[in-house]
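All values derive from a computational prediction rather than experimental measurement.
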Amino acid sequence: MDEKKSKNKKVIVIVAIVVAIIAVVGVVAGIFVNDFAQRAIIGTEMEKINTSGKVDTDIKSSGKYADVEKAIKDYVVEYQGVAVSIANQYKNEKLTTILSADNYKNDGPEFTESKKLIADIKKQGEDAKTKLAEMVTDEFKDKRADELGLTGKYKDLFKNTIQLDSELKDVNSTIDNINNYLSKVDDVFNFLKENKANWEIKNNQVQFKSMSQVTKYNSLITMVNTAASRLK
């Protein structure tokens with residue numbers, strides 16, 4: 001009889017252990033499923049950004065993952081803000097008429113304002129490249145994650161999701177092409193400044209005193225047009 005009771009007790013203990021294991025497995029499975037679902041939500045949001053270029057600031061995930069999603073979206077908004085800022089500088093209306101006869105008359109022969117505009121915009125382009133290059137480094141992402149209190153798997157998710165190296169390459173290429181164009185325009189002004197006694201504006205056109213100067217000027221304008229074609 002005692003032996004039977006002992007066996008029953010063992011059965012009860014085993015059943016209890018099995019139930020406990022099932023409960024633990026259920027909890028772990030639930031956590032895994034939830035993690036997968038939350039990561040999928042963040043992945044979907046990033047895919048939307050990659051496709052449209054627009055950031056939906058509404059947070060779709062929950063719990064700590066909501067903090068990660070917000071951190072990622074804030075980061076992308078900041079990154080895009082730098083690129084948009086420099087793009088707006090390139091839309092400066094003065095650039096569209098910088099090689100016009102009117103500008104030659106108004107700002108020549110020294111072209112102080114035109115050369116300053118070119119220098120300022122080129123500097124802003126280089127500053128943007130520096131800032132964006134910094135933002136894609138592990139050091140920058142580590143610091144940002146630490147500031148936001150992201151640790152462990154949440155920090156890893158933030159860092160691994162922020163992969164903008166190819167975008168940085170494209171932005172840098174665009175800035176380099178624009179700065180090259182601006183340098184070619186600046187070469188035109190340098191030439192006109194150096195030969196200020198040998199040209200004038202007549203009938204809304206620049207006219208030179210010698211054919212060699214005309215040839216040189218036309219060559220510089222051709223280089224400007226070549227550089228401009230790379231912007232399209």
Side-chain angles (χ1 to χ4, degrees), residues 21-93 95 120-182 230-232:
I21 290 174
I22 292 174
V24 170
V25 170
V27 171
V28 172
I31 292 173
F32 177 80
V33 170
N34 182 64
D35 276 4
F36 183 83
Q38 297 301 319
R39 287 171 178 268
I41 290 171
I42 292 176
T44 299
E45 289 301 293
M46 285 304 297
E47 183 63 28
K48 290 178 183 177
I49 293 172
N50 292 335
T51 302
S52 68
K54 298 178 181 179
V55 180
D56 180 359
T57 55
D58 288 340
I59 304 303
K60 308 296 192 303
S61 54
S62 60
K64 194 65 178 177
Y65 284 99
D67 295 336
V68 178
E69 182 185 346
K70 185 176 188 308
I72 293 170
K73 288 183 174 180
D74 287 347
Y75 178 99
V76 174
V77 168
E78 181 180 352
Y79 186 94
Q80 289 181 339
V82 178
V84 169
S85 176
I86 185 61
N88 288 337
Q89 291 299 319
Y90 294 147
K91 294 177 183 177
N92 190 307
E93 186 177 347
L95 284 179
D120 288 346
I121 293 179
K122 286 177 67 176
K123 182 179 184 304
Q124 288 165 10
E126 292 302 320
D127 288 346
K129 285 171 59 179
T130 300
K131 176 61 177 177
L132 295 176
E134 176 192 10
M135 288 187 70
V136 301
T137 63
D138 285 337
E139 292 78 9
F140 185 95
K141 289 184 279 188
D142 274 330
K143 182 180 178 182
R144 179 60 57 84
D146 291 342
E147 290 172 349
L148 297 172
L150 300 178
T151 59
K153 64 182 180 181
Y154 304 107
K155 181 176 183 177
D156 291 340
L157 177 59
F158 170 74
K159 291 178 62 179
N160 293 334
T161 303
I162 301 297
Q163 300 294 335
L164 296 171
D165 296 293
S166 60
E167 288 80 359
L168 177 64
K169 184 177 179 180
D170 291 340
V171 171
N172 284 348
S173 177
T174 298
I175 292 174
D176 287 341
N177 285 337
I178 291 175
N179 282 356
N180 178 60
Y181 164 76
L182 293 173
R230 298 194 182 104
L231 305 180
K232 300 177 182 179

Contact between [X] and [Y] at the side-chain level, heavy atoms closer than 4.5 Å - yes or no?
{"X": "Ile162", "Y": "Ile72", "result": "yes"}
{"X": "Phe140", "Y": "Lys131", "result": "yes"}
{"X": "Glu78", "Y": "Arg144", "result": "yes"}
{"X": "Lys153", "Y": "Arg39", "result": "yes"}
{"X": "Leu182", "Y": "Leu95", "result": "yes"}

Rounded to the nearest 0.5 Å, what separates atom [atom1] in [X] from atom [atom2] in [Y]?
{"X": "Ile121", "Y": "Ile175", "atom1": "CD1", "atom2": "CD1", "value": "12.5 Å"}
{"X": "Glu147", "Y": "Asp142", "atom1": "CD", "atom2": "CG", "value": "11.0 Å"}
{"X": "Lys159", "Y": "Asp138", "atom1": "NZ", "atom2": "CG", "value": "4.5 Å"}
{"X": "Met135", "Y": "Tyr75", "atom1": "CE", "atom2": "OH", "value": "4.5 Å"}

Tell me the closest heavy-atom pair linking [X] and [Y], and the distance in Å.
{"X": "Ser62", "Y": "Gln38", "result": "N-OE1, 2.9 Å"}
{"X": "Asp58", "Y": "Glu69", "result": "O-OE2, 3.6 Å"}
{"X": "Ala71", "Y": "Leu148", "result": "CB-CD1, 3.4 Å"}
{"X": "Asp146", "Y": "Lys155", "result": "OD1-NZ, 3.0 Å"}
{"X": "Ser61", "Y": "Ile41", "result": "N-CG2, 3.8 Å"}

Passing option when Asn179 is tested against Lys122, Lys129, Glu126 for side chain to side chain donor-acceptor pair (under 3.5 Å) | Glu126
[X] side-chain N/O to [Y] backbone N/O, donor-acceptor pair under 3.5 Å:
{"X": "Ser173", "Y": "Lys169", "value": "no"}
{"X": "Asn160", "Y": "Asp156", "value": "yes"}
{"X": "Glu45", "Y": "Lys60", "value": "no"}
{"X": "Ser52", "Y": "Lys48", "value": "yes"}
{"X": "Thr137", "Y": "Glu134", "value": "yes"}

Can Lys70 and Asp67 be said to form a salt bridge (charged side-chain N to carboxylate O under 4.0 Å, His left out), step by step?
-> CA-CA 5 Å; Lys70 185 176 188 308; Asp67 295 336; over 6 Å; no
Which residue pairs pass the ring-ring contact (aromatic ring centres under 6.0 Å, His included) test with at least one member in residues 149-177, sequence neighbours excluded?
-> Tyr65-Tyr154
Does atom NZ of Lys123 have more than 12 heavy-atom neighbours, drawn from other residues, nucleotides or ligands, at distances under 6.0 Å?
-> no
What's the verdict on side-chain contact (heavy atoms from CB on, under 4.5 Å) for Met46 and Gln163, showing C-alpha distance, side-chain angles and the deciding distance?
-> CA-CA 11 Å; Met46 285 304 297; Gln163 300 294 335; over 6 Å; no
